[in-house]
Amino acid sequence: MTSLRDGYVDMPIRRLRQPGDRTFGDNLPSQVPLFDGALRLSVNAFAIDDGDEITLIDTGASNAWHPTMGYLPEALREAKIAINRVRTVAFTHTHLDHIHGLVLADGSDGFPQLSRLFVPRAEFGMFREVARLDRFHDRAQPFDPCQRLSAHIDTFATPGHEVGHTCFRLVSEGETLLIWGDIVHVPSLQFDHPEIAWEFDADQEQARASRLQILAMATGNACYVAGAHLDSPGVGRVSRTETAFRFEPL
Ligand SMILES: [Zn+2]
């Protein structure tokens, strides 16, 4: 697997939500680094090479959001991944920093040989409403929770951040990798305090429950995680602390 950095996005502190949808004020724990007073979230996508073809999990934002994102083509070039080898793309969910990389800033296709596009079934309607991605409707196929996408990749539902939010699991030679999308937005805080949610969670309570479930699942010995908003490259292991969890980057 290769981690691809699409860029980053700076977000106001109020996006972080304590239980009860309460924002932080002056009481933001000092462990959270700020950049000009903002939270900085890396935006990552992940390419899985099974020897035959590349499957890309998420695609970054292209030019659909802040100009600090949209660097996926450069990341692919740097990783020496030919865009024509990317024939399958799967989305963890359909928020714009995950799907718009299908189309480059100049309007051309990001992956000219794309043949299959996996979209969580619960968000298939949301995906079809994105006019800019109209041209992919014929290649888009909804997938269900627990559906296997290939011999190496299976899926499980982790709703909350969005209704169809999905984690992808790869198992190889006794090791497991969870590509977990938006389970964590602010790694400096949410491993230590998994109860902290995000303003853009469609359902904060459910997102919290999914986060706790996946963090617990990830603490296994031979398990690695890859997160869309963990600091690039965003790959590492999760361990338990006395009260919560800790992330150990690779
Ligand atoms: Zn995201």
Side-chain angles (χ1 to χ4, degrees), residues 1 3-17 32 35 38-48 55-72 75 89-103 110 117-120 122-124 126-127 129-130 132-133 155-168 177-191 194 196-204 206-211 213-215 218 225-236 247 249:
M1 186 197 68
S3 174
L4 303 160
R5 184 170 185 259
D6 189 55
Y8 66 88
V9 61
D10 286 342
M11 288 278 132
I13 295 166
R14 66 170 185 279
R15 298 267 186 266
L16 286 168
R17 295 299 162 98
V32 181
F35 298 81
L39 307 161
R40 178 159 292 180
L41 279 63
S42 184
V43 177
N44 313 314
F46 298 96
I48 301 157
T55 298
L56 193 61
I57 308 288
D58 293 334
T59 62
S62 187
N63 60 335
W65 204 10
H66 297 283
T68 51
M69 290 165 278
Y71 293 93
L72 186 74
V89 167
F91 293 142
T92 56
H93 62 300
T94 57
H95 288 180
L96 56 79
D97 51 325
H98 298 259
I99 65 172
H100 277 274
L102 290 179
V103 175
L117 177 60
F118 287 112
V119 182
E123 296 181 36
F124 202 63
M126 295 161 70
F127 169 73
E129 278 167 22
V130 181
R132 178 182 158 117
L133 304 179
T155 67
F156 50 100
T158 48
H161 176 59
E162 193 44 85
V163 62
H165 189 273
T166 298
C167 291
F168 298 92
L177 171 68
L178 303 175
I179 301 179
W180 76 13
D182 285 30
I183 287 293
V184 166
H185 291 93
V186 179
S188 57
L189 187 60
Q190 285 175 298
F191 286 96
I196 302 301
W198 190 242
E199 184 183 2
F200 295 157
D201 291 337
D203 182 331
Q204 293 180 21
Q206 200 179 28
R208 202 170 280 132
S210 285
R211 181 162 40 258
Q213 181 200 342
I214 298 305
L215 284 168
V225 302
H229 301 301
L230 300 180
D231 296 330
S232 178
V235 182
F247 180 60

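All ligand and atom numbering here is 1-based and tracks the order in the structure. Numbers here are sequence positions counted from 1.
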For this session: Fit a plane to each ring of F191 and F247, take the angle between them on a 0 to 90° scale, and name the class: parallel (under 30°), tilted (30 to 60°) or perpendicular (over 60°).
Result: parallel
Exercise. Residues two or more places apart in sequence or in another chain: which of them pass side-chain hydrogen bond (donor to acceptor under 3.5 Å, both in side chains) with R40?
Worked result: D10
Problem set entry | Identity of the N, O or S atom of H229 lying closest to the Zn ion (ligand 1) | NE2
Exercise. Among all residues two or more places apart in sequence or in another chain, which pass the side-chain hydrogen bond (donor to acceptor under 3.5 Å, both in side chains) test with T166?
Worked result: none
Exercise. How is the N/O/S atom of D97 that comes nearest to the Zn ion (ligand 1) named?
Worked result: OD2
Problem set entry | H98 atom (N/O/S) at minimal separation from the Zn ion (ligand 1) | NE2
For this session: Quick one: report the N, O or S atom of D182 that is nearest to the Zn ion (ligand 1).
Result: OD2
Exercise. Would you say the side chain of L41 lies within less than 4.5 Å of the side chain of W198, judging by non-hydrogen atoms?
Worked result: yes
